[in-house]
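Attaching a single structure in structure tokens format; questions to follow.
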Protein chains: 2
Amino acid sequence: MSAALDFRVVPLPHPALRPCATCAVRRISVCDAIPEPFLARLGGAATGGVARPGILFIEEGEPAADFLNIVSGTARIYKLLPDGRRQITGFAKGGDFLGLAVSNTYAFSAEAIDTVRYCRFSHSRLRALMRDFPALEERVLKFASSELVAAQEQMLLLGRKSARERVASFLLAQSDAYAQRSPACFVLPMPRGDIADYLGLTIETVVRTLRKLRNEGLIEVSNAQDVVIRDHMSLRSLANGLRAA
Amino acid sequence: MSAALDFRVVPLPHPALRPCATCAVRRISVCDAIPEPFLARLGGAATGGVARPGILFIEEGEPAADFLNIVSGTARIYKLLPDGRRQITGFAKGGDFLGLAVSNTYAFSAEAIDTVRYCRFSHSRLRALMRDFPALEERVLKFASSELVAAQEQMLLLGRKSARERVASFLLAQSDAYAQRSPACFVLPMPRGDIADYLGLTIETVVRTLRKLRNEGLIEVSNAQDVVIRDHMSLRSLANGLRAA
DNA sequence: CGAATTTTTGATTTATCTCAACAACCGTGG
DNA sequence: CCACGGTTGTTGAGATAAATCAAAAATTCG
């Protein structure tokens, strides 16, 4: 259903209105490989887009024509089984690069959780940029490598960790990604169903496990979004499968 | 324990004795990106090695100094939890490329299942080659992308498929990789414990599931290694989670 | 051949799922 | 502002797929 892809996905008027020079995520994204003087060319190769919450902006099985760079917001990256079972393979946020494929169709779907802003590069345009700026290809390879390492870690979690260990691992990863202060306190932008589908659990098990960790004083969860990590040490050893937690 | 790494891993005498020109996996590996006239340079950048069955030749956490290209044999790629739980993230075989890392330590271990022959490239040497032959970097990126797609598929398996669906998926993947004839018949080079740790199951569950598939006439398993797929259709729909199987 | 390992089978337990109900939250419109 | 319907989150009781425990059979290898 390509229709779903386009609905409420508003292309921004003109590249010039989104200058790469002032892009908030340029320095942490693959675009950092393009030297300042060539930013105009980079911007010219991209099309900006916005996906409102809930909107599917990449669909598994569709022709993979573009690479995407997330500018802001958070998206769920997932695969489905025919009967609707869903595995979320990751959450993409500002600075992330999407669309690496082997075949010429996307291997995953991407859906906006909150409002997602992105830049879209056609394969041919990005390939041309990579030819002219080898540092860009190197940067993309670095990104792919880190995704691969993260994927292996997630396979360990899905294949061998208990529900408690999975939730602890997830909270720590979120904390590392978002929390600045100590004690680490942060927001979960995704609903419980997303956490469950990311950790290979059910919603109920995620909720029960969070409650238990709260009762044990390892974390605080006032409302559904806000989390405070109270005992980082214990949570860490739990996440790593050390019994002494 | 670096000692374990070196034990029985015999470096081949001289690069000239392993000419890339006659390498059986050159055309299917990243090395295919290097034009014929430059094969001597490629060979000069590599060190050959052999790992006998059971030998650890990459260890998680050790400094990631080299990339490896598998020439022949099969290796288990895995991660461990402190208490010994193991997740095999993949099986590397001839033509595969190992060692992509973000940090400067390996994120996984690699152990020979049967005798594994490989070529070892230091990071600096391969980086120099990629600089001089952009097609090589492109090839490595392609490989990383396909690994990433495979990893996402495996996350779906580990997070959302039943034991039956996992075993069916595994058999089909093995069949696609090895079997030529129809009805597909092939050999499982790895023991049951490896299959279990790859699929996030126990040995007993793998065995019981194979028996059940055999009793239902979907496959034949005479001894522990040899498998024949009798009903490819049913196995495929089982693997994809379609209830009609 | 005999010890060690791997594979297979059976009996039982358990972590997690399923099902069911209720509570909290959210945006909408009266 | 508040009532409303729909979504998301939480809790409990019971079901179950897969794990664990135990032991026998088959295979490998010195």
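A note on names: the letters A, B, ... follow the listed sequences, proteins ahead of strands, and every chain is numbered from 1. Just so you know, these numbers use all the heavy atoms, side chains as well, and skip hydrogens, waters and symmetry mates.
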**Item:** Length of the CG-C1' vector between A:Leu158 and C:dA15, whole Å
**Value:**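 From A:Leu158 CG to C:dA15 C1': 16 Å.
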**Request:** Taking all heavy atoms of B:Ser169 and all of B:Lys161, pick out the closest pair and write down the distance.
**Result:**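 Where B:Ser169 meets B:Lys161 most closely, the heavy atoms are OG-NZ, 3.0 Å.
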**Residue mapping more 5' on DNA chain D - nearest nucleotide basis, A:Leu210 or A:Arg160** = A:Leu210
**Request:** Would you mind reading off the distance between A:Arg164 atom CZ and C:dT14 atom C1', rounded to a whole angstrom?
**Result:** 16 Å
**Prompt:** Roughly, in whole Å, what's the span from NZ in A:Lys212 to C1' in C:dT16?
**Reply:**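 It works out to 12 Å between those atoms.
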**Request:** Report yes if some heavy atom in the side chain of A:Arg192 is under 4.5 Å from a heavy atom in the side chain of A:Leu210; otherwise report no.
**Result:**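 Yes; the side chains approach each other to less than 4.5 Å.
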**Asked** What is the ring orientation for A:Phe97 with A:Phe67, classed by angle as parallel under 30°, tilted 30 to 60°, or perpendicular over 60°?
**Response**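 Judged by the thresholds at 30° and 60°, the geometry between A:Phe97 and A:Phe67 is parallel.
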**Request:** Determine the minimum heavy-atom distance between A:Ala196 and A:Thr202, stating which atoms define it.
**Result:**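 Shortest heavy-atom contact: CB-C, 3.5 Å.
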**Prompt:** Across the strands shown, which category fits A:Leu201 at heavy-atom distances under 4.0 angstrom: base, sugar-phosphate, nothing?
**Reply:**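 Contact class for A:Leu201: sugar-phosphate only.
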**Prompt:** Do A:Thr47 and A:Asp66 touch side chain to side chain, with heavy atoms closer than 4.5 Å?
**Reply:**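 Side chain of A:Thr47 against side chain of A:Asp66, heavy atoms only: no contact under 4.5 Å found.
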**Prompt:** When the distance from CD1 of B:Ile195 to P of C:dT7 is rounded to whole Å, what number comes out?
**Reply:** 8 Å
**Request:** Take the angle between the ring planes of B:Phe57 and B:Tyr118 and call it parallel below 30°, perpendicular above 60°, tilted in between.
**Result:**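 Parallel: the ring planes of B:Phe57 and B:Tyr118 meet at under 30°.
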**Prompt:** What distance separates A:His232 NE2 from A:Leu171 CG, expressed to the nearest 0.5 Å?
**Reply:** 10.0 Å
**Prompt:** Among pairs that include at least one residue of residues 86-99 of chain B, which meet side chain to side chain donor-acceptor pair (under 3.5 Å), considering only residues two or more places apart or in two chains?
**Reply:** B:Arg86-B:Asp194, B:Arg86-B:Asp197
**Prompt:** Just how far, in rounded Å, is P of C:dA15 from NZ of A:Lys161?
**Reply:**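 It is 19 Å, rounded to the nearest whole Å.
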**Complete:** Nearest-nucleotide check on DNA chain C, A:Val206 vs B:Val221; residue mapping nearer the 5' end is B:Val221
**Asked** Mind checking whether B:Glu60 and B:Thr105 have side chains closer than 4.5 Å, heavy atoms only?
**Response**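 No; the side chains remain at least 4.5 Å from each other.
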**Item:** Protein proximity profile, nucleotides 18-29 of chain C - base contact B, sugar-phosphate-only contact S, no contact -, cut-off 4.0 Å on heavy atoms
**Value:** BB----------
**Message:** Of all nucleotides in DNA chain D that come within under 4.0 Å of a heavy atom of chain B, which is furthest toward the 5' end and which toward the 3' end?
**Reply:** D:dA18 to D:dC21
**Message:** Counting the atoms with a prime plus P, OP1 and OP2 as sugar-phosphate, which does A:Gly54 contact under 4.0 Å by heavy atoms, base, sugar-phosphate, or nothing?
**Reply:**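 Touches nothing.
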